[in-house]
Amino acid sequence: MALLDLISEDIIKVPLVSTSKSEVIKELIQVLKDAGKIEDTAKAYEAVMKREDMGSTGLEKGIAVPHAKTDQVKTLTIAIGVAPSGVEFNAIDGEKSKIFFLILAPPDQSGPHIEALADIARITRSEAFCRLLNASKSAKEVVDMFCEE
Amino acid sequence: MDGPVRKILVYIDGTEQSITAAQYAICLSKATGAELTALYVVNVRALNDLVKAKIFIETEQAEYQRDLHADAERYLNHVKNLARGKGVVIETESKSGTPYMEIKNTIIERKIDLLIIGELSRIRSRRDEFFNEAERAMRNAPCSVLIVKDEDRVWDIFEGLV
């Protein structure tokens with residue numbers, strides 16, 4: 001499954017309004033609920049935070065990829081958020097995180113889950129792409145950027 | 001046996017499209033008498049990318065690797081049962097590595113003359129062209145490649161196979 005097949009305007013929030021790690025995760029989970037992708041936000045949040053407790057998914061250069069396996073989704077599900085001012089996410093380089101990819105996968109779909117994460121890892125290697133993403137003003141701009149990438 | 005197709009390889013990646021490809025391969029094997037092999041490749045390259053990018057921690061890597069091997073076994077068993085149900089002999093093989101490379105290697109090792117793959121997902125970005133494993137397999141295979149489309153028609157053919 002191509003990453004682009006998972007991306008649509010209704011699962012993207014630009015800009016995020018949250019200012020803390022837990023709030024960002026809750027906000028992105030709410031985006032998925034509003035898009036009709038999940039029912040129980042509390043269980044999804046619990047699964048993501050359980051993974052964060054094992055080690056932050058805040059990477060270098062302002063990228064964070066919170067993810068978890070949960071039976072709250074039937075297929076691989078993604079939400080994207082951009083916080084231009086940055087949020088403290090305990091990232092490995094100590095910098096604030098600005099671009100968030102939240103991924104929820106059913107427990108029995110590890111293959112697609114890994115491929116989507118690997119896709120994100122490849123895309124975010126491009127500093128130019130991340131800069132453009134961080135400067136985006138709308139969900140549509142984000143979708144267009146992924147299509148052009 | 002003689003004929004244009006003697007050894008078929010069908011690539012299984014867990015998608016519905018690859019299962020449809022397996023059904024078509026079973027029909028083709030039955031019709032032509034060609035030997036049939038199903039291959040699943042655990043995508044270690046993607047897993048390594050995630051560790052390198054520090055998205056996965058060590059315990060996660062081990063857990064997902066186990067999951068992927070279990071997936072391989074589950075899907076290959078499913079395909080084996082589909083073939084058995086139609087009286088077709090099928091060999092299954094699971095490998096680890098970069099899928100398109102392992103598909104190519106298997107074609108050479110087993111002297112395959114036809115690779116069957118499921119319908120390719122729509123190319124929506126330049127990146128897809130570079131990283132879609134089935135697409136890369138199709139371009140790199142040293143034998144003829146058949147892409148199976150029209151799931152409903154294949155299902156009818158498969159169901160009608162006695």
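Values reported hereafter were calculated over all heavy atoms of this structure, with side chains retained and with hydrogens, waters and symmetry mates removed.
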- Atom CD1 of I103(A) and atom CD1 of I55(B): how far apart are they, to the nearest 0.5 Å? 7.5 Å
- What's the spacing between L50(B) CG and R122(A) CZ if we round to 0.5 Å? 9.0 Å
- Contact origin within I92(A) toward chain B - heavy atom pairs under 4.5 Å: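 Interface part for I92(A): side chain.
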- Item | Residues of residues 54-65 of chain A near chain B, each having a heavy atom less than 4.5 Å away |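 Residues of residues 54-65 of chain A touching chain B at under 4.5 Å: M54(A), L59(A), E60(A), V65(A).
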Using the rule that Ile, Leu, Val, Met, Phe, Trp and Tyr join whenever any side-chain heavy atoms are under 4.5 Å apart, tell me whether [X] and [Y] fall into a single cluster.
X       : Y       : result
Y100(B) : L47(B)  : no
L32(A)  : F100(A) : yes
I26(B)  : L28(B)  : yes
V31(A)  : I38(A)  : no
F158(B) : I90(B)  : yes

- Task: Go through the structure and list residues passing salt bridge (charged side-chain N to carboxylate O under 4.0 Å, His left out) with K104(B), not counting sequence neighbours.
- Result: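 Once residues adjacent in sequence are excluded, K104(B) has no partner under the salt bridge (charged side-chain N to carboxylate O under 4.0 Å, His left out) criterion.
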[atom1] ([X]) with more than 12 external heavy atoms under 6.0 Å:
X      : atom1 : result
E39(A) : CD    : no
M49(A) : CE    : yes
E16(B) : CD    : no

- Task: Please list, in residue-number order, every residue in residues 112-119 of chain B that has a heavy atom less than 4.5 Å from any heavy atom of chain A; write 'none' if there are none.
- Result: none
- Write out, in numerical order, the residues from residues 56-77 of chain B with a heavy atom short of 4.5 Å from a heavy atom in chain A. F56(B), I57(B), T59(B), E60(B), E63(B), Y64(B), D67(B), L68(B), D71(B), R74(B)
- Message: What I'd like to find out is whether the side chain of K54(B) reaches to under 4.5 Å of the side chain of D93(A), using heavy atoms alone.
- Response: no
